[in-house]
Amino acid sequence: MLNFNYLVSTRVFFGRESLQNLGNEIKECGERVLFVSGQGSIKKTGLYDEIIDIFHQNGFSYDELSGVQPNPRISLVRKGVDLCRKEKIDCILAVGGGSVIDTAKTIATGFYHEGDPWELFVLGDASVKKALPVGTVLTFAGTGSEMNGNAVISNEETREKLAIHKDILRPRFSILDPTYTFSVSKHQTAAGTVDIFSHVLEQYFSPTREAFIQDRLSEGLLRTCIQYGPVALTAPSDYEARAQLMWASSIALNGLLGYGRVSDWATHGIEHALSAMYDVTHGVGLAILTPFWMEHVLGDETVGKFLEYAKYVWGIKGNNHQTVAKRGIERTREFFTSLGMPQRLRDVGVDQNALMTMAQKAVVHGTLGKFKKLGVQDVFTILENAY
Ligand code: NZQ
Ligand code: ZN
């Protein structure tokens with residue numbers, strides 16, 4: 001196990017009716033609130049009205065920034081920063097999924113940055129120094145943004161999608177009521193489940209061999225996705241399934257699995273290049289790419305980890321290491337397909353001629369990934385195979 005410094009500063013209110021904590025939590029952060037939301041799902045479910053009522057009951061003054069799109073854009077972040085400065089906002093409330101939360105986090109730190117907020121993504125994590133407090137009401141299980149310090153934003157002009165990571169971006173509080181995810185569509189539920197699954201894999205396939213506790217926790221989370229993803233698809237209002245997925249989303253990427261070992265993140269790097277260029281749903285891109293990444297990195301030196309994965313996650317037994325490892329990969333592909341995810345890049349409108357550009361965008365620092373280092377040519381091969 002490697003050394004680490006573990007801080008998870010988000011207060012989590014989990015369960016039915018946990019929205020009753022919202023008023024007190026906002027009071028701790030200030031009086032003037034920026035209410036950030038997406039493209040209308042919270043109006044349809046009635047959550048919007050409930051939140052406005054809480055604002056009125058507590059006498060908060062608020063401004064609204066709605067219309068956050070999936071694969072959120074820097075242009076809306078700029079608007080949010082201007083609004084916060086003009087209205088002297090004290091804190092930001094994000095109500096939605098990862099896109100809304102990431103927009104809120106970026107506005108929160110953009111508020112203190114003198115230049116354009118996109119500079120933070122180009123300059124990197126060291127440029128993220130201060131942020132307004134952010135609270136969240138989560139309506140979609142997947143990214144883990146509700147408990148982590150990451151924000152992922154797309155620049156529609158440069159067709160880049162970049163991330164920042166800093167503990168000060170962790171939400172001050174997050175309200176996790178699984179009933180708010182009952183209305184998430186089948187397709188989006190499947191994409192969110194794949195995203196959780198992928199976050200675990202990115203940390204599980206690690207070059208750090210001594211990580212017993214992290215590995216066994218990871219396998220538990222993967223099995224949770226396998227158990228409850230299909231239930232949430234067929235019975236969208238199954239509380240237990242939604243609750244298991246929601247908590248899995250948060251712990252898959254709040255640091256618990258990653259601290260003490262080196263993580264990979266190659267598949268995410270490739271997917272971010274894909275969704276920057278083609279606006280593909282994040283979980284859909286991961287569902288297509290993950291099995292092809294696995295096939296590409298499977299070799300004599302990596303087969304041991306694939307054996308663990310096949311055995312403890314899928315219950316596959318056998319004496320031939322390569323056969324067992326390949327069966328584990330196949331089960332992964334079958335699981336994603338059973339959730340309704342496509343298998344090929346050509347199915348999501350990607351142009352084959354764009355694969356090299358995508359590979360170059362994914363490999364910005366010479367190599368990508370830590371479990372097995374990938375160069376541009378490796379990534380291009382994965383993309384070609386996935387096409
Ligand atoms: O905009 P609305 O109308 O709310 O609709 C959203 C959106 O269309 C809808 N939705 C959300 N809650 C709903 C609902 N529909 C019905 N009922 C509800 N309760 O779902 C759609 C997708 O929402 P979005 O927020 O885009 O999904 P997700 O949470 O998957 O976020 C994806 C973004 O997060 C980034 C991804 O790259 C992508 O940009 N990621 C962020 C990470 C992080 N901050 O740690 C890590 C991830 O790996 C990921 O990269
Ligand atoms: Zn992800």
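All values derive from a computational prediction rather than experimental measurement. In what follows, every heavy atom counts, from backbone to side chain, and hydrogens, waters and symmetry copies are set aside. Note that ligands are numbered from 1 as they come in the structure, with each ligand's atoms numbered from 1 the same way.
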- Message: Taking only non-hydrogen atoms of K44, do any sit less than 4.0 angstrom from ligand 1?
- Response: no
- Contacting atoms of ligand 1, where contact means under 4.0 angstrom from a heavy atom of S183: 16 (C), 17 (N), 18 (C), 19 (N)
- Heavy-atom gap G142 to ligand 1 smaller than 4.0 Å: no
- Do T136 and S174 have side-chain N/O donor and acceptor atoms under 3.5 Å apart? yes
- Task: Heavy-atom contacts with T143 under 4.0 Å: which atoms of ligand 1 show up? List them by number with element.
- Result: 28 (P), 29 (O), 30 (O), 31 (O), 32 (C), 34 (O), 40 (N), 41 (C), 42 (C), 45 (O), 46 (C)
- Task: Please verify whether a non-hydrogen atom of Q69 lies at under 4.0 Å from ligand 1.
- Result: no
- Could you label the plane-to-plane angle of the W265 and H199 rings as parallel, tilted or perpendicular, counting under 30° as parallel and over 60° as perpendicular? tilted
- ligand 1 atoms in contact with Y180 (distance to a heavy atom under 4.0 Å): 19 (N)
- Considering only the protein, which heavy-atom contact is closest to atom 26 (O) of ligand 1, and what is its distance? S99 OG, 2.6 Å
- Atoms of ligand 1 less than 4.0 Å from H268 heavy atoms? 48 (O)
- Note on the structure: Restricting to heavy atoms, the pick from S154, P72, P70, G149 nearest atom 8 (O) of ligand 1 would be P70
- Message: Please list, in number order, the atoms of ligand 1 under 4.0 Å from a heavy atom of N71.
- Response: 38 (C), 39 (O)
- Message: Only heavy atoms of N150, strictly under 4.0 Å: list the atoms of ligand 1 that pass.
- Response: 43 (C), 44 (N), 45 (O)
- Within-4.5 Å side-chain heavy-atom neighbours: M1 and I213: yes
- Within-shell test, H272 vs ligand 1, heavy atom, strictly < 4.0 Å: yes
- Here the atoms of ligand 1 under 4.0 Å from any heavy atom belonging to K161 are 36 (C), 37 (O), 38 (C), 39 (O)
- Query: Looking at atom 49 (C) of ligand 1, is any protein heavy atom nearer than 4.0 Å to it?
  - Reply: yes
- Kindly give the atom name of the N, O or S atom of H199 closest to the Zn ion (ligand 2). NE2
- Task: Examine all N, O or S atoms of D195, backbone included, and report whether one is under 2.8 Å from the Zn ion (ligand 2).
- Result: yes
- Quick one: does G40 get within less than 4.0 Å of ligand 1, heavy atoms only? yes
